[in-house]
Structures are given as structure tokens and as C-alpha cells.
J.: 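Structure in C-alpha cells, see below.
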Amino acid sequence: MTASALLHHLQELNIQLSAAGERLTIDAPRDVLTAPLRQQIVEQKQGLLELLSPPAEKEAYPQQPQETPAASVEACSQCGAEIYAYSDDGLNIFCKRHRYMQSHTQCQASPSLTRVTQARFFLQDLVELFNEISDRPEPRTLDLETTGLDAHRDKIVTIALGSPGRVSVLDMRPYYSLNAEWQAHWKRALGEVLGQKDFLWIGHNLKFDWIFLATHFGIHLQRVYDTMLGEQLILGTGLHDAGTPVNLQATAARYRIPVSKEQRLWFPNLDQRSKEWSAPLPVEQLAYIVQDIEVPYQIFQQQQAKIKAQSLDHVIQLENQALPAIAEMELRGVLIDTERWRSILQQKYDRQLELERDITATLEGALRDSRQKAYEKDMDTYKRYQNGLREEERLLMQAYQASTKQKTWPAFRQEGVNRWVESHPPIRKPALPKAKINLSSSAQLQAALSALGIRIHSTQEAALEPFAGNYPIVGQILQWKKLQKFRSAFGENILAMIGPDGRLRTDYGQIGAVSGRIICRNPNLQQMPAREKNEGENIRTCFIAPPGYRILKADLSNIELRILAEVSGDATMLRLFAEGKDLHAETAKLMFGLPENADTKKQVYKGQVSMRDVAKTINFGLAYGMGAQGLANRIGVSADAAKELMGTYFATYSGVSRWLRSSARQAMKQGYAVTLAGRRRPFPTNIADPSIRGSFERSAKNHPIQGTNADIIKRALTLLYETLPEKVHTILTVHDEIVMECPEPLVEAASRLLKDAMIQACRDYLKIVHIPEPDVLVGTYWQKD
DNA sequence: GTACTGAGCCAC
DNA sequence: AAACGTGGCTCAGTAC
């Protein structure tokens, strides 16, 4: 066996070799390192040392560890053609053709399989792949198999790429037992192939593969086409649309592409099954890998016609360009100050316990009293029943005495009692009153409050609020609920998700909402409390910058209303934005006929809320299709008053009114609503039920507004990804907000880039409405305005 | 025991 | 009162 074949053999056995000068260190379990093996290592020591020492830097590619073939063997052992490479055991040499045939016939997996790269052919094959791709730069599919879902913890088993009929599988398992130098060579070679600038990689849910490649090899796929995103745009679905799943199987099925049974279960934790980890890839797995290359490719091809038909070209491009930006953000995570987080939790918890003592004492007291009364009443009826039963037994006894006594008394008695019970349903003995309450149970809370004379249909904040004035306990309950929510949803469960590097990572769903919004979960960082009154307990202060860095934050000011002004073309709203006015205040002035210098925060409407707040409520509510009743509930006036307010509002913004009505009508007629980037959401067209129809109409009105916001933020993330200097990264996005992390000396430049990206992104879609330059907040933590 | 649903509440 | 759009998470309660 040659030195390089030996080295590879050792690697496959998980035996670690390292070279230091003239010393060769072997790290292996005793039972694996057999005597013959040890003998071979000693014989090949010199060759191994050479292979393990770092190769010279000037070489474009290092020579694969291999020695000159023995003089007697110079041709392919199959056909005698020019030597190409050694077989994996180093004992045979093959020409190019037979080397691949060798793999192919060995695995018998698929006629499409043109290459199964083994460790010692890795660099040669990569050079060849590079040439192939450069020669024929048409799109190819890419797909990884991994031992798990966590890019930081799990390993890449295979990297497959190609197109139908030509699939290459790179077996990456040996990579993890290479020394650092050889790992660097593999990375570099992989980067040359996968990181090619203008080459398009197709895949299903490529964010996953992107993150693994970036984490393990520092490779950033440049241009991608994600068939999952494509499918979502074609169908107009979010991520968790139960009716229309967009996983590979379901998607393939929609295009009538046959997919054989899933083999996915084989790969998870493969690295913990050492025998399988070091054995050749089984035929079934290879076939499965090939399928995962060919199927997405076919989906890609079939999607093109639908994209054309629905004019989705632009939004497809928008999403595919945004994918790397979002993947990188997910990979990066955000640094957390856990100590501070815990101290905030403690403060809140202390207060919660104190409140809980008071609340439970009062409520359980009330419950005990009322239940005691109910118990006494129940006990009374129970006793009366028992007395009735005894009286019946007495009568039965009399009847028995008078009878011929053909049955025994117990039998006679039982029959009589059974008869009686039929007309007197049994009453169970009431349980002793217990007065324990779980404040988290809305049913129990409702019952306890009822015992205090507080009758409510629900325990939600809005229902309890009106009683807070007369009943101090209600105020306490409201406080307790806030604290409880905080502790359960934003406490240790989130801290437990922080990585060993102190950073918290979330899973982004690029098209998470049907509107096109990005969502995130595990944890959902888009719902971190933002309205904490006490800055000392603001949880966002725990999202911090590393030493020497700053956090930058900016949002798109009033973006949904600006979009509304744009799409509706409403002259008044456009003018107000152009003048840079406080839109809510100006709306109030127009609606209530106030003079220019009026203070709309001081002017009160019907003794309830300020006029500015009324205007603000309508301004926001209308983007959601709010009705008069909703407005009435929100600002606490009669339905008639609310109706009148809305009338005034829509008279003021007649263009908005017209647009809302016409876009609902159009969506119901043509079957979809669309954003400014061309993102569609489908709607059923023949809905008779007015309430169901109304619900769809509200969604249809909202879609262009919320969805265009999503278009813009994704464009901004893309522009930032393309322009930010190294070490500056976006780390969070929350619908209209972008948060970045930046070395202190680069703050000025990064702020500029952030502003420019946001303005440019708006400009790409909003051509008429005024866009102000965003304010960038700079600090050591995630600030809110 | 696990799986699901509804109430409630956090974000924009 | 479902009737104000898009989401996720937790808990209680129930069904299997």
C-alpha cells in the first residue's frame, strides 16, 4: 500500500495522524490500530510525514497525496488507457472513464451518477468540476446531506450537485478527520467551485445549505434559485399554510414528478454510527441523493412557465437575492447580556410573587365563602335525598313484613331501592369546598372574580380594564398577568437557546407570512417586548454589541401609510407626507376642522381620547380594514359616533377610500391581490357569506400594504448584504426595522450605508410619496425609538 | 403518556 | 360578538 492510500485508510478508520518535524503522532483506539497497521505506518513513516506537512504556498492546488505509480503499472487496469487516478485502496489505477464507471457500477444507484468522489480524488475531482462548470455555466442543483439540522453542531455528509443525467456526489466525511492544512485545501477547492460569482445554484430550501456551507467552509453561495421560495410565490402561501405544504415531496407531487420513498432518516446522527460513517455510501442513499438533485431541477424547470404566466419574475429575483442576506443574518445571531437578562427577570419575579400573595389571598377567600354557601346548599339537598332514601327503606320493610316473604330481605330491598332511584336520580355527596386558584387559568380566574361580584365574559385585558378603578384587585391581576407573560415567554426558555458563543440565533422564515413578511421562531425575536416603561427592565437592553462594536438601528418611518398614499394616489395624504408633517396630527386637524396651530394632543374628542389619538387609531386601523364597530370599541365611543368619524375620515382622504373599495372589489373579481413587487396573494372569487367575504376583503386590502413593506425590507437587506464592509452585519430585522452590528470606527460609514439602502429600497417601489431619511440610532444595545 | 385547541398576549 | 391585518409562544384543558 502506498503512503497516501495508507493515510486515507487510516482516516477512514478514524485514526488521527499528525506530524511535528520528524515526529509522527498517532491518535487511535487500541482495538482499531492493529499490529499489521502499525507495521505499515512505520514502513511508510517518511511518506506520511511528507503528506502531513503543509504543502508549499505558491502552488495553485496542492498535489493530492499520491506518489509516482510503480514503474510496472502505467495504464488503466481495465482498458490500458492513460492513467487518471488510483482506486480508493490505492491498489488499482484507472483512466477517467473507468474511474467513474467504477463508482457507478459499484453503487448501481442511478445512471445519472457520474461521480462519487472519494477522499483521495477530492482535489482532482474539484478541479474537474470547476472546469465543467466554467465550460457549461448553466444552472445546477445543489443539495447537502447532513447529520442534523444544527450547522454548528452537525456535520456535512455529502455535497451533491449537478443536473439530471449528470450528478456528482462529494463524500465529505473524510474532511472531518483531515489535519488543518488539508482541510484548508479542501475548503479552498470547494470555494472555487461553489463560490463562483455568476453561477446559479438551484435547491429546495437553500437557506439550510447556505448556512452549512458558510459555517463549515466559509463558502457563500452567490446566486441562488430556491424552488421552495418559488413555489411559495407561485402558490401565494406562507410557511405554515397547512393546506398547501411546500416541502420537496409535496412540491414535486404538484408537478407530477415521481419521488420514491424518503431515505432521510439514514443521515441524522450518522457520525455516531462509526461503522456506517466510515463505510462507502450505500446504494439506496446514493440513489436518494441523486433524486434530490434531479427533482429540484425539474421543479425549477416547470416553475418557469408559471412565473411567466403570473408575472412573478421580479419578485422571484427579489426573494432569491435576499436569501443570502437572510441566511447570513440567521447564522450571525446576536450577542446577549445574560447576566442583565437574569437580573431583570429576578426583579420582575419578586414583584410578581408579592402580587400573587395578595391576589390569591383575596380571591381564594372569596371563593371559599361562595363555595361554602354552595356546599351548604348542596349538603342540604344531599341530606334530604338521604332521608328520602331511608324513608323508602322503612316503607319497603313494612311492605316486606306484610308480604309472603318469597324473596330474601336484601333482594327485596335492592329491587325496591332500584325502583325508587329510577324516579329519584341519585345525588352525590358534595365535596368539601376547596379554594385553590391558578391565576393562569382564565376559567378559574373568571369564577373567582364572579365570586367577588365581577361578572366578565373574558379575562383578557380589555375586559378587566373597566373594573380596575373600582376593584384594586383587578389592577393587581392586570399587573400580575404582564409579569407572568414576561417570565413565561421571555425568560429562561429563551436564555437556554443561547449558543456557546453567547449569541442567540433564531430561525427565519423568508416567506413566513402570506403577506410575504419574514417571520422568525425558536425564539421569535420579532416579539421581544418594546414598550417597557421602566428602562431598567427593558429586555432589549440585553441585546448588546461585542466589545469594540456598536449596535445600529433604523426603521422605515410610517412605511405602511406611505405605501397607502402611494398606491391610492391620495392627493391630501401625499401632500402631508411631502410637507414632512406629523400625519396623525394633521389628520386630526382636517377631520375636526381645527386651526393650523391647534394642539391635537390636548384637544379631546367626546371627553375620551385626544383627537390625535382618534386620528392615529383610524390611520392604522384602516390599513387593516377596520370597521366602525372596531373603531368604536377601540376609542370607546358609540357605533354611530364611530360611523360618523369614519365618514369624516374618508371624506378627508377620498382617494384612500376609493382605493380600498376598488382593491377589495378587484381582488374578489380577479382572484388575487398584488404588491408593488408583484407578490400575489390568491383569494376565492365566489364567496356569498358576507362575514367570510368581509374577512377576505380586509385581507385583500391589507396585502398590498403589508406585502409591499415586506418587499422593501427584503430589498434593503439585499442592498446591505451587497454593500456592507467586512465585520459589519445585519443581525435582526423586524418588519420595518433593521438592526446591525458594527465596529466602532466604522459607525459613520455604516450608518450612511444603512440609510442609503433603506431609501433606495423604498425608491425601488415607491415613486411618488416622499421618503424621509431614516434616523439611525447608535448604541451599545438594541434601542427603540 | 401525547396531540390538539382555544384563550390570551407579545411584536409590527 | 368572532368581525382590525400578519405572525409565534405558553398555558390550561380536553381528547385520544
Side-chain angles (χ1 to χ4, degrees), chain A residues 237-242 437-446 456-464 477-478 480-494 497 506-509 511-532 539-540 555-561 563-564 617-635 639 642 646 660 664 673 675 681 689-710 713 732-738 782 784-785:
Chain A
T237 58
L239 209 49
H240 297 295
D241 226 304
I437 182 169
N438 177 352
L439 294 180
S440 292
S441 160
S442 48
Q444 293 179 34
L445 187 58
Q446 207 168 316
I456 40 175
H457 55 277
S458 140
T459 60
Q460 72 194 64
E461 192 175 346
L464 289 173
I477 290 170
L478 287 171
W480 182 91
K481 276 167 159 270
K482 285 248 182 295
L483 295 165
Q484 171 63 20
K485 173 69 180 177
F486 188 91
R487 192 161 60 91
S488 68
F490 307 108
E492 288 296 335
N493 42 359
I494 291 187
M497 298 184 219
T506 182
D507 297 339
Y508 282 105
I511 305 179
V514 284
S515 60
R517 269 190 182 178
I518 298 168
I519 61 164
C520 75
R521 53 187 174 172
N522 302 318
N524 180 358
L525 296 184
Q526 293 176 329
Q527 61 171 171
M528 298 312 297
R531 295 181 233 295
E532 174 65 60
I539 206 68
R540 295 194 178 196
D555 57 30
L556 300 161
S557 152
N558 273 330
I559 189 62
E560 294 204 337
L561 285 173
I563 294 166
L564 181 58
T617 303
I618 308 185
N619 269 331
F620 280 122
L622 77 95
Y624 305 142
M626 183 171 60
Q629 188 58 55
L631 178 63
N633 293 343
R634 185 58 72 100
I635 61 177
M646 296 206 41
L660 285 172
T675 71
R681 174 171 174 183
D689 184 317
S691 79
I692 296 174
R693 190 180 167 90
S695 168
F696 280 125
E697 284 178 349
R698 286 193 296 279
S699 298
K701 289 173 184 173
N702 179 253
H703 178 75
I705 302 171
Q706 191 179 117
T708 301
N709 182 359
I713 207 78
L732 289 169
T733 180
V734 190
H735 310 312
D736 68 347
E737 176 184 2
I738 293 174
W782 181 12
K784 46 185 181 147
D785 6 42

J.: Could you check whether A:N522 gets within reach of a base, just the sugar-phosphate, or nothing at all, counting any heavy atom under 4.0 Å?
T.: sugar-phosphate

J.: Is the distance from OP1 or OP2 of C:dT6 to the nearest side-chain N or O of A:S699 less than 4.0 Å?
T.: yes

J.: A:S695 near the nucleic acid: base, sugar-phosphate alone, or nothing, with a heavy-atom cut-off under 4.0 Å?
T.: nothing

J.: Tell me whether the OP1 or OP2 atom of C:dT6 has a side-chain N or O from A:R681 closer than 4.0 Å.
T.: yes

J.: Base, sugar-phosphate, or nothing for A:G621, non-hydrogen atoms under 4.0 angstrom?
T.: base

J.: Pick base, sugar-phosphate or nothing for A:E461, based on heavy-atom distances below 4.0 Å to the nucleic acid.
T.: sugar-phosphate

J.: Nearest to the side chain of A:S488, which nucleotide is it out of C:dT6, B:dC12, C:dT10?
T.: C:dT10

J.: Is there a donor on the side chain of A:R517 or the base of B:dC12 sitting less than 3.5 Å from an acceptor on the other?
T.: yes

J.: Students often get this wrong, so: under 4.0 angstrom with heavy atoms, is A:R540 touching a base, only sugar-phosphate, or nothing?
T.: sugar-phosphate

J.: Tell whether A:K485 reaches the base of B:dC9 with its side chain through a donor-acceptor pair below 3.5 angstrom.
T.: yes

J.: For A:N493, report the nucleic acid contact type (base, sugar-phosphate, nothing); a contact means any heavy atom under 4.0 Å.
T.: sugar-phosphate

J.: Think A:K481 has a side-chain N or O under 4.0 angstrom from the OP1 or OP2 of B:dC9?
T.: yes

J.: Output yes when at least one side-chain N/O atom of A:R531 is less than 4.0 Å from OP1 or OP2 of B:dC12, else no.
T.: yes

J.: OP1 or OP2 of C:dG5 versus the side-chain N and O atoms of A:R698: is any pair under 4.0 Å?
T.: yes

